[in-house]
Each structure stands twice: as C-alpha cells, then as structure tokens.
Amino acid sequence: MAFRSSNKSTKQGAHGVARVISKRGYCSRSQAEKLVREGHVILRGKPVRDPESPAYENDEILIDGAPVTASEFVYFAMNKPRGIVTTASDEKGRKTVMDLFREQYNKMYSGKPMPHIAPVGRLDAASEGLLLFTNDTAWADRVLTDATHLKIYRVQVKGKPTADELSQMEKGFSVPPRVFGESEEFMHAERAILHSEGDKNCWLEITLSEGKNREIRRMLAHLGYEVMRLMRIQFDKYSLGDLKPGEIRAIQV
C-alpha cells in the first residue's frame with residue numbers, strides 16, 4: 001500500500017482513530033481500519049468498532065491490550081528497477097517494492113525488525129528511479145499534495161518532439177481517458193526540455209507538480225511519441241544520486 005493523501009477529519013482537532021493509529025507508525029491505514037472493525041482497539045478505555053471514531057493525537061489507544069505509541073519516524077530512498085510493482089502484494093505474483101525493500105533493509109540492518117513503512121506515491125511497473133518510503137504519514141501527505149514538491153524525470157522517447165510540442169506540454173492540454181466512458185483529463189508539465197538526442201530517439205527532462213496516473217506517458221502518447229524509458233531522478237529536494245537499481249538509503253528530512 002502506498003501513501004495517498006486524505007483531508008478527511010471527523011471534527012476540529014480530531015481524526016478517525018484508524019488514521020491516528022497509522023500516523024503513529026503502527027501499521028497502514030487500511031490495516032488499522034481492519035483492526036478497529038474486528039474489535040482489537042480500545043480508545044480512551046472503551047472499545048470502538050468504527051474506524052472514524054474521533055481520536056486526538058495524544059489519546060490513549062490500545063490494540064489487544066498493548067498501548068500504541070508513536071514509532072520513530074524513518075525515511076528512505078530507493079532506486080526502483082523496471083518491472084517491480086509499487087504495491088504491498090501483487091495478485092499476479094510479481095515482485096513488489098516492499099519485497100525489494102525488505103531484502104535491502106535486512107542487508108543493511110541485519111537482525112533489526114523492519115518498521116512499518118510504505119512508499120510515498122507510486123511509480124508504475126515500467127518506470128524506474130527515485131521512490132521514497134516512510135512511516136511518517138503526515139510528511140508523506142505533505143510531499144504528495146503540496147505542488148511545490150516537484151518531481152523531475154528523464155524520459156527517452158522515439159523520435160524528437162519539437163520545441164512547439166514541448167511548449168504545449170508546459171501550457172497543458174486535455175488527454176483522453178484511460179478507461180472508456182470517463183472524462184478527459186487536463187495535464188501539464190512545469191517544465192519540458194530536450195536533454196540529449198541521438199539519430200532515432202532523444203532524452204527529455206520533464207518536471208511535474210502533480211502526480212496523475214501515467215501523466216508523462218499519456219501526454220507524450222497524445223503528441224504521438226512512444227516512451228522507451230522513464231526514470232524519476234528527483235522528488236522535492238531528494239535526488240537519485242549514485243543509488244544503483246534496487247538499492248535503498250536512509251535520508252534526512
């Protein structure tokens with residue numbers, strides 16, 4: 001499960017108890033909701049079954065009798081290889097970023113239990129590059145929803161988009177829906193420039209402020225260009241650097 005933004009709150013100063021449990025780094029939001037519904041959670045001395053029961057940051061919360069305290073927040077970067085899916089599990093049996101993260105974490109911290117952690121946003125299976133991980137859900141929400149946290153990609157395409165077409169990407173245009181019957185989506189790049197070129201293909205550098213599904217691929221397809229490789233090289237102030245495919249490293253926020 002990847003972190004996704006949510007602005008829902010039950011009343012001023014309070015959030016649903018499942019969200020508070022997740023924010024403390026105990027487990028994912030969906031796992032917390034399941035624990036609440038199954039009767040494992042005590043809030044302020046009383047059992048609760050509704051994941052949206054109002055809870056405050058400093059409320060006493062027990063799960064199976066044990067207090068849920070705030071975990072130490074951790075932050076990591078990964079160079080996600082192509083072919084790895086950004087999910088906790090995959091119904092097709094494909095390797096996931098969580099499988100890869102667990103392998104790398106165990107190499108780096110042998111014998112140390114891995115904290116509950118999740119990717120911040122997504123990269124599709126065919127994409128590669130920088131992917132962030134954390135158990136700090138509030139930080140993850142801020143990074144995903146604040147348009148100032150830009151994402152920079154290097155994109156190899158067949159052919160060479162013209163200067164006018166790159167300008168069109170910066171101005172934005174409506175892109176056909178991925179699913180028949182849905183509405184068109186307006187998409188735009190903060191910046192789209194030619195990075196380097198060869199005889200039959202070129203590399204673009206594209207900067208996004210949003211994170212719509214397959215945004216770069218769909219924009220370029222609309223202009224008639226096929227994406228051969230797509231690599232995220234920077235997310236906010238964090239860069240891919242010299243991380244090799246599949247490797248992780250701890251980062252400071």
Side-chain angles (χ1 to χ4, degrees), residues 1-9 15 19 22-25 28-29 57 70-82 84-88 97-98 100-101 115-155 166 169-173 175 185-193 195 203-220 227 229-243 245 247-253:
M1 177 180 180
F3 287 120
R4 294 188 178 278
S5 62
S6 174
N7 296 320
K8 185 175 181 180
S9 61
H15 301 287
R19 182 179 177 186
S22 176
K23 288 180 70 176
R24 292 184 185 181
S28 72
R29 178 84 168 268
E57 298 294 337
S71 300
E72 178 184 0
F73 289 140
V74 294
Y75 310 87
F76 284 87
M78 172 189 284
N79 184 348
K80 186 191 93 66
R82 283 188 289 181
I84 306 295
V85 293
T86 311
T87 55
V97 293
M98 292 311 303
L100 186 54
F101 187 94
H116 165 71
I117 202 165
V120 180
R122 293 179 180 274
L123 282 175
D124 63 51
S127 300
E128 57 193 295
L130 183 62
L131 186 62
L132 303 179
F133 291 76
T134 189
N135 57 351
D136 183 348
T137 58
W139 177 80
D141 283 346
R142 287 196 302 272
V143 170
L144 287 171
T145 58
D146 188 338
T148 65
H149 298 299
L150 300 177
K151 298 173 279 291
I152 303 177
Y153 300 80
R154 291 274 168 81
V155 187
L166 295 177
M169 292 184 69
E170 293 178 345
K171 292 175 183 176
F173 46 78
V175 176
E185 286 188 84
F186 180 81
M187 296 180 175
H188 85 286
E190 293 293 327
R191 188 166 179 257
I193 61 172
H195 180 262
W203 282 90
L204 307 176
E205 183 169 294
I206 299 176
T207 302
L208 300 180
S209 59
E210 298 179 296
K212 294 180 179 178
N213 193 283
R214 299 175 67 85
E215 190 166 11
I216 292 175
R217 295 179 187 277
R218 292 167 67 190
M219 291 179 75
L220 286 167
V227 171
R229 288 185 68 183
L230 191 154
M231 177 186 300
R232 183 157 64 197
I233 61 171
Q234 187 167 331
F235 191 159
D236 191 36
K237 65 180 181 180
Y238 309 102
S239 61
L240 191 59
D242 59 358
L243 265 183
E247 288 185 344
I248 64 173
R249 69 163 174 261
I251 58 175
Q252 299 293 321
V253 303

Give a yes or no on whether the backbone of [Y] and the side-chain of [X] come within a donor-acceptor separation of less than 3.5 Å.
X	Y	value
R232	L130	yes
T86	L123	yes
D136	F73	no
K171	A189	no

Mind checking salt bridge (Lys or Arg N to Asp or Glu O under 4.0 Å) for [X] and listing every partner two or more places apart, or none if nothing turns up?
X	answer
R82	E128
R249	none
E185	R218
D146	none

I need the minimum non-hydrogen distance between [X] and [Y], along with the two atoms involved.
X	Y	answer
M187	V175	SD-CG2, 3.9 Å
H149	F235	O-CE2, 4.1 Å
W203	R229	CH2-CB, 4.0 Å
L131	G121	CD1-O, 4.2 Å
R29	S22	N-OG, 3.5 Å
G129	M231	CA-CG, 4.0 Å

### All side chain to side chain contact (heavy atoms under 4.5 Å, CB included) counterparts of I193, not counting sequence neighbours
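So I193 forms a side chain to side chain contact (heavy atoms under 4.5 Å, CB included) with R191, E205.
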### Message
If the condition is side chain to side chain contact (heavy atoms under 4.5 Å, CB included), which residues does K23 pass it with, not counting sequence neighbours?
### Response
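Only H15, R19, E57, T137, A138 meet the side chain to side chain contact (heavy atoms under 4.5 Å, CB included) criterion with K23.
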Rounded distance (nearest 0.5 Å) linking atom [atom1] of [X] with atom [atom2] of [Y]:
X	Y	atom1	atom2	value
H116	R24	NE2	CZ	14.5 Å
R154	Q234	CZ	CD	10.0 Å
L220	L166	CG	CG	8.5 Å
K151	D236	NZ	CG	9.0 Å
D124	I216	CG	CD1	10.0 Å

#### Entry: F173: ring-ring contact (aromatic ring centres under 6.0 Å, His included) partners, not counting sequence neighbours
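Here the qualifying residues are H222.
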### Message
Restricting to ring-ring contact (aromatic ring centres under 6.0 Å, His included), what partner residues turn up for W139, sequence neighbours left out?
### Response
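So W139 forms a ring-ring contact (aromatic ring centres under 6.0 Å, His included) with Y75.
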### Message
Please evaluate residues M78 and E247 with respect to the criterion side-chain contact (heavy atoms from CB on, under 4.5 Å), reporting the C-alpha separation (whole Å), side-chain torsions for both, the decisive distance (0.1 Å), and the verdict.
### Response
CA-CA 6 Å; M78 172 189 284; E247 288 185 344; over 6 Å; no
Considering residues at least two apart in sequence or located in another chain, which fulfil the side chain to side chain donor-acceptor pair (under 3.5 Å) criterion with [X]?
X	value
N79	none
S209	E190
D242	none

### Query
Without hydrogens or angle criteria, can the side chains of R217 and S127 be said to hold a donor-acceptor pair below 3.5 Å?
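Looking only at side-chain atoms, S127 and R217 do form a donor-acceptor pair, the distance falling under 3.5 Å.
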[Y] and [X], any side-chain heavy atoms less than 4.5 Å apart:
X	Y	value
F133	V120	no
I152	I206	no
N135	V74	yes

### Query
Are E215 and E210 close enough, and set up right, to give a side-chain contact (heavy atoms from CB on, under 4.5 Å), and what steps lead you there?
CA-CA 9 Å; E215 190 166 11; E210 298 179 296; 3.8 Å; yes
### Stepwise side-chain contact (heavy atoms from CB on, under 4.5 Å) check, F76 with L132
CA-CA 6 Å; F76 284 87; L132 303 179; over 6 Å; no
### Query
Where do Y153 and L230 land on the side-chain contact (heavy atoms from CB on, under 4.5 Å) test, with the steps shown first?
CA-CA 7 Å; Y153 300 80; L230 191 154; 3.4 Å; yes
